[in-house]
Undergrad: 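Sharing a structure below in C-alpha cells format, with a few things to ask.
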Amino acid sequence: MKLPTSFYTRRDVVNVARDLLGKYIYTDLPGGITGGYITETEAYAGITDKASHAFGNRRTPRTEVMYRKGGRAYVYLCYGIHSLFNIVTNVEDIPHAVLVRGINPTCGKDLMLKRSGKSLIDKAFANGPGKVCRILGIHWRHSGLDLSGDTIWLEDGGRKVREDKIQISPRIGIDYAEEDARLPYRFLLKKT
DNA sequence: CGGCCGATCCACT
DNA sequence: GTGGATCGGCCGA
C-alpha cells in the first residue's frame, strides 16, 4: 500500500523523518524492482535551517522541487560522485525535505548486489545516502519525480517501530550549519 | 565564464 | 582516522 500524499504534506518534517523509519522504499528502474525498509533519515527544515539547500529562501533550478507540494523526489549530486535521495515534504512553497540515509534491503537483492559491485549484503551495504541511491538505481536526473507514480515510491509495509528502537542524533556532514548542526534531526533504527 | 566546494565513500594506514 | 576522487551547481565578475 503506497503512502498517501497526506503523509508527505504534513507540516512537521522532523516527525515525518521519524515516521519514515520502517517504511518501504521501492524503485522500478532498469534491471527490475528493488527495495527495502528505511533505517536512517535526516530532516531538513527549509528556509530557517542553515543545513538546508533552501536556507534563506534560496531558489535555484536545482532546489525548485523542494518548494513543490510534498510527495516528490529531490535528488542531487554530492561530491561529484554520489546521488542523494530526499523526500519533499510539507505544502507548496514550504521547502522541507527528508534525506534517506540508510535502508535494509528486502527486494531485488541480486540486482542491488550487481549495482553495488559487492558480493554480499553486510551491515555496511546500505548505510549511507550515496550507497542507497546506487543500489536502488536512483540518479539525480530522477529529481522531481512524483512518488505516487510507479518509478520510485514508498509503502507502509506494516512494520511496527517502537519508540525505544529509535536513536536520535545530530545530522552528519553539515558542520558549516553552525548552531543548526547540533539539532537532533537524525533518526536511526537501532540494531534489533 | 572561471573557480570554489559539497547533506560521501572507500582504500589505505 | 584520513585524504583523494570527481563534477554539477552556484556565485561573483
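Chain identifiers are assigned alphabetically (A, B, ...) following the order of the sequence lines, protein sequences preceding nucleic acid strands; residue numbering begins at 1 within each chain. Quick caveat: nothing in here was measured; it's all calculated off a predicted structure. All heavy atoms count here, side chains included; hydrogens, waters and symmetry mates do not.
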Undergrad: Which value, in whole Å, describes the distance between the C1' atoms of nucleotides C:dG3 and B:dC5?
TA: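 16 Å, rounded to whole Å.
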
Undergrad: May I ask you to list the residues sharing a hydrophobic cluster with A:Ile81, side-chain cutoff 4.5 Å, ordered by chain and number?
TA: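 ILVMFWY cluster around A:Ile81 holds nothing else.
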
Undergrad: Encode nucleotides 5-13 of chain B as B, S and - characters from 5' to 3', where the letter depends on protein heavy atoms closer than 4.0 Å: B to the base, S only to sugar-phosphate, - to neither.
TA: -BBBSS---

Undergrad: Under the ring-ring contact (aromatic ring centres under 6.0 Å, His included) rule, what pairs show up with a residue in residues 162-187 of chain A, not counting sequence neighbours?
TA: none

Undergrad: Grab the stems for DNA chain B, please: at least three consecutive Watson-Crick or wobble pairs, both distances below 3.5 Å, written as range with range.
TA: B:1-6 with C:7-12, B:8-12 with C:1-5

Undergrad: With sequence neighbours excluded, tell me which residues meet side chain to side chain donor-acceptor pair (under 3.5 Å) with A:Glu163.
TA: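 None.
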
Undergrad: What pairs of residues pass the salt bridge (Lys or Arg N to Asp or Glu O under 4.0 Å) test when at least one of them lies in residues 68-78 of chain A, not counting sequence neighbours?
TA: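 Every pair satisfying salt bridge (Lys or Arg N to Asp or Glu O under 4.0 Å) with a residue in residues 68-78 of chain A: there are none.
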
Undergrad: Tell me the salt bridge (Lys or Arg N to Asp or Glu O under 4.0 Å) pairs involving residues 104-119 of chain A, sequence neighbours left out?
TA: none

Undergrad: For DNA chain C, which nucleotides open and close the run of contacts to chain A, 5' to 3', at under 4.0 angstrom from a non-hydrogen atom?
TA: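 The contact span of chain A on DNA chain C goes from C:dA5 to C:dC11.
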
Undergrad: Can you list everything that forms a side chain to side chain donor-acceptor pair (under 3.5 Å) with A:Tyr8? Sequence neighbours excluded, please.
TA: none

Undergrad: Considering only NZ, NE, NH1 and NH2 on the basic side and carboxylate oxygens on the acidic side, decide whether A:Asp19 and A:Arg10 come within less than 4.0 Å.
TA: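 Yes, this pair counts.
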
Undergrad: Can you tell me which residue pairs pass the side chain to side chain donor-acceptor pair (under 3.5 Å) test with a partner in residues 89-100 of chain A, sequence neighbours excluded?
TA: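 Counting only pairs at least two positions apart or across chains, the side chain to side chain donor-acceptor pair (under 3.5 Å) contacts touching residues 89-100 of chain A are A:Arg59-A:Asp93, A:Asn90-A:His96.
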
Undergrad: So, using side chain to side chain donor-acceptor pair (under 3.5 Å) as the criterion, who are the partners of A:Asp150 when residues are at least two apart?
TA: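 Scan of A:Asp150 (side chain to side chain donor-acceptor pair (under 3.5 Å), adjacent residues dropped) gives A:Lys2.
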
Undergrad: With ILVMFWY side chains joined below 4.5 Å, transitively, what does A:Val91's cluster contain besides itself?
TA: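 Its cluster mates, by chain and number, are A:Ile94.
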
